[in-house]
Number of protein chains: 2
Amino acid sequence: MSVTIKDIARLANVSHTTVSRALNDSPLISEETRKRIKELAEKLGYVPNISAKSLVLEKSYNIGLFTSKKIDNMPTSFMYEVFDGISQVIEDKYNLVFKKLNDTDDIQANIPRKKYDGIIFVSVDVSDIKMLYKLDALKVPMVVLNRDLSDLGMYCVYVDEYSGTRNAIEYLIKSGHTKIAIIKGPESFITSRERYNGYIDALRENGLNVNELYIKMGGFTPDSGFEAMDSLLRLEDRPTAVFASNDLMAVGAMKACSRWNIKIPDDISILGFDDMDFSMYLSTSLSTVRKPRKLMGQKGASILLDILEKGQVSEKACILKTDLIIRESTKSR
Amino acid sequence: MSVTIKDIARLANVSHTTVSRALNDSPLISEETRKRIKELAEKLGYVPNISAKSLVLEKSYNIGLFTSKKIDNMPTSFMYEVFDGISQVIEDKYNLVFKKLNDTDDIQANIPRKKYDGIIFVSVDVSDIKMLYKLDALKVPMVVLNRDLSDLGMYCVYVDEYSGTRNAIEYLIKSGHTKIAIIKGPESFITSRERYNGYIDALRENGLNVNELYIKMGGFTPDSGFEAMDSLLRLEDRPTAVFASNDLMAVGAMKACSRWNIKIPDDISILGFDDMDFSMYLSTSLSTVRKPRKLMGQKGASILLDILEKGQVSEKACILKTDLIIRESTKSR
DNA sequence: CTCCTTAATGTTAACGTGTGCACAACATTA
DNA sequence: TAATGTTGTGCACACGTTAACATTAAGGAG
């Protein structure tokens, strides 16, 4: 049996109420008793019973970290890095409870109000919106990561993928490329769309035509990048630069080039997105757009903590910037 | 305010005890009332208050997923895949609470007994043993992943990295290689040691000398693989095959080769370990040893669930096998 | 009809914590 | 000196649930 405030109370010759107050730094208690009780508690190795606290305070000390099943189509490291950032900020203040949700899941039944003091939702797919609405209806403080939903009044932390891509494509244009292809990510992924829009706008606003033949579908996996690149290389009029919507597809694309005996970057430039840990060390190191995944987790967590502890937060949305990293896989024309 | 068993009791004209019994399928209740109460509960959208349950049952419904800070030196996808396997098995039965521990952390204070019904510890570094002893002393059911500690009477699920490596090296030997180098992982990592031992024994038992010059240190990162390979290529008598203790270092090693204009696999064969999602799609696809990371998580979780729910489990240790995947980066002599 | 057994339900207490209210001791003001 | 304010502490209850024990009703055996 572990030590309770009643045990401490008995030994200190006070009521358990006094102990409770002393340990919670209530102003109603004299400095002297507070010190005495705290020392005693420390000595006895007192640890508060979370269940009892939860029951009376209507707090669970749980933070739900949710995402959709679609996350399985993302590179495995993505979720972990976000996660890592979050848990760094949360520390021991809350339990971080991870769950993959289906949009068919009954959120009302499985995510009861009482179970989570706050929610961090990592959104990857547009269809997540259904779940987000349901979660929002629970009236539990929530922060959405990886997607801009400030219009709906939700707190969100996301990366400006549009500008990130646009800058990258503009860099290629400035380097003399005019025939620039894109390998898109999964149709329904938010990041895919943003990156695609950045690509399109960069071309348009620099007076370049959008060539439908240069737009290929991919699935964020190396093999889809391979296939897409393969079909680009079959074109009579090949592009001189290819933007792969993520590094994993860029790897596949590079492999296709090596099959066709196409030299990177001499024959074709390749640009990725994400900057994964291996990207710098590919045989031809990959130029890419670095996305601050861990930082996104940290920001999201600290906003949620602000809401939970201070009851308010300075701004509804936090937008993070990417960095363009130029390595060996891109070259001027 | 949410619905409680007392609310249901009032509406059903029974005592709250009856409701509790009905919902928990107690044999003390008539089939008829059980059905009636359950329907009513469903209709009212009753959700049990976990805190109250926890308080009286002395159960937290939390499972701690712990690892050491050293995990940061592992490829980011490793932890996530293990994690993913675990949460697949745990489902909604427990909360999965992730925490990185320092060996300086006061485990007695931070991981109180009551807080976790069970613990899954992912061990990467030999020094983790200190934490494991402390955790074991809490007398909370625990399963250790990625390491054999059955000697200490702990439940464990791990991969036979020794045999995996040994088979891989023997494959190289059978392919005619005699000058085989290794790029080791971080000195204190358990997997590094197992893989190294597999390498050494494979050479010895096949009558090959162990050449100290062919043993290089690495840190499981691409750049360390690059450096190690670079120094191997400076040798007068170069190896004809290199075993990189993980795929990330293999990537770095391949880059070093491309800098030296060394052709893989014609001049040198490269073999990795892990089989990461991109390994198959490197320009020269990587031969490697596939490690069932997700499966390890699943097995560990199901053993823990058995302990928690059935009170016992068939076997203390579960050993998983690797697969040797031969691709383009290795070639016979 | 009485006594005993059994099945179904109710009564009450308990888990560990926080809080509204009451109260005592003491200090301040008029 | 009486009235009022301030400070520190304790009492009793509440939170939602389970469980030991008590009670009731019904049915069967004598």
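This is a predicted model, so every value here is computed, not measured. Every chain is numbered from 1, with letters handed out A, B, ... down the list of sequences.
When rounded to the nearest whole Å, the span between CZ of Arg34(A) and P of dT7(D) equals 14 Å. In this structure, Asn13(B) atom CG and dG10(C) atom C1' are separated by 13 Å, rounded to whole Å. Remark: C1' of dG8(D) and CD1 of Ile37(A) are 12 Å apart, rounded to the nearest angstrom. The separation between Asp25(B) atom CG and dT18(D) atom P is 12 Å, rounded to whole Å. The interatomic distance linking Ile29(B) (CD1) with dA19(D) (C1') rounds to 13 Å, in whole Å. The nearest whole Å value for the distance from the CD atom in Glu58(A) to the P atom in dT17(D) is 12 Å. For the pair Arg36(B) CZ and dA8(C) P, the interatomic distance rounds to 14 Å; values are reported in whole Å. In this structure, the CG atom of Asp7(B) is 10 Å from the C1' atom of dG16(D), given to the nearest Å.
By the 4.5 Å heavy-atom criterion applied to side chains, Asn62(B) and Asp117(B) are not counted as neighbours.
Ring centroid separation for the pair Phe83(A) and Phe83(B) comes in under the 6.0 Å cut-off. You'll find the ring centres of Tyr116(A) and Phe66(A) inside the 6.0 Å limit.
By the 4.0 Å N-to-carboxylate-O rule, Arg34(A) lies close enough to Asp25(A) to be salt-bridged with it. Asp128(B) has no carboxylate O lying under 4.0 Å from a charged side-chain N of Lys70(B), or vice versa, which leaves the two without a salt bridge. In this structure, Lys69(B) does not pair ionically with Asp125(B), as no charged nitrogen and carboxylate oxygen lie closer than 4.0 Å.
When heavy atoms are screened at a 4.0 angstrom cut-off, Leu55(B) is found touching base atoms of the nucleic acid.
The bend of the helix from dC1(C)-dG30(D) to dA30(C)-dT1(D), defined by the angle between the axes of its first five and last five pairs, stands at 60° to the nearest 10°.
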**Fill in**
Heavy-atom contacts, protein to nucleotides 17-24 of chain C, under 4.0 Å, summarised as B (base), S (sugar-phosphate only) or - (none) per nt, yield BBBB----
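Applying the 4.0 Å criterion to OP1 and OP2 of dT9(D), one finds that Ser30(A) has a side-chain N or O inside that range. At the phosphate of dT9(C), OP1 or OP2 sits under 4.0 Å from a side-chain N or O atom of Thr33(B).
Side chain of Asn24(A) to backbone of Ser20(A): a donor-acceptor contact under 3.5 angstrom is found. Side chain of Arg147(B) to main chain of Val124(B): no donor-acceptor pair is present (N/O by atom type, distance under 3.5 Å, no hydrogens or angles).
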With a cut-off of 3.5 Å and sequence neighbours excluded, list every side-chain donor-acceptor pair involving residues 149-159 of chain A.
{"from": "Ser150(A)", "atom 1": "OG", "to": "Asp148(A)", "atom 2": "OD1", "distance (Å)": "2.7"}
{"from": "Tyr158(A)", "atom 1": "OH", "to": "Asp148(A)", "atom 2": "OD2", "distance (Å)": "3.2"}

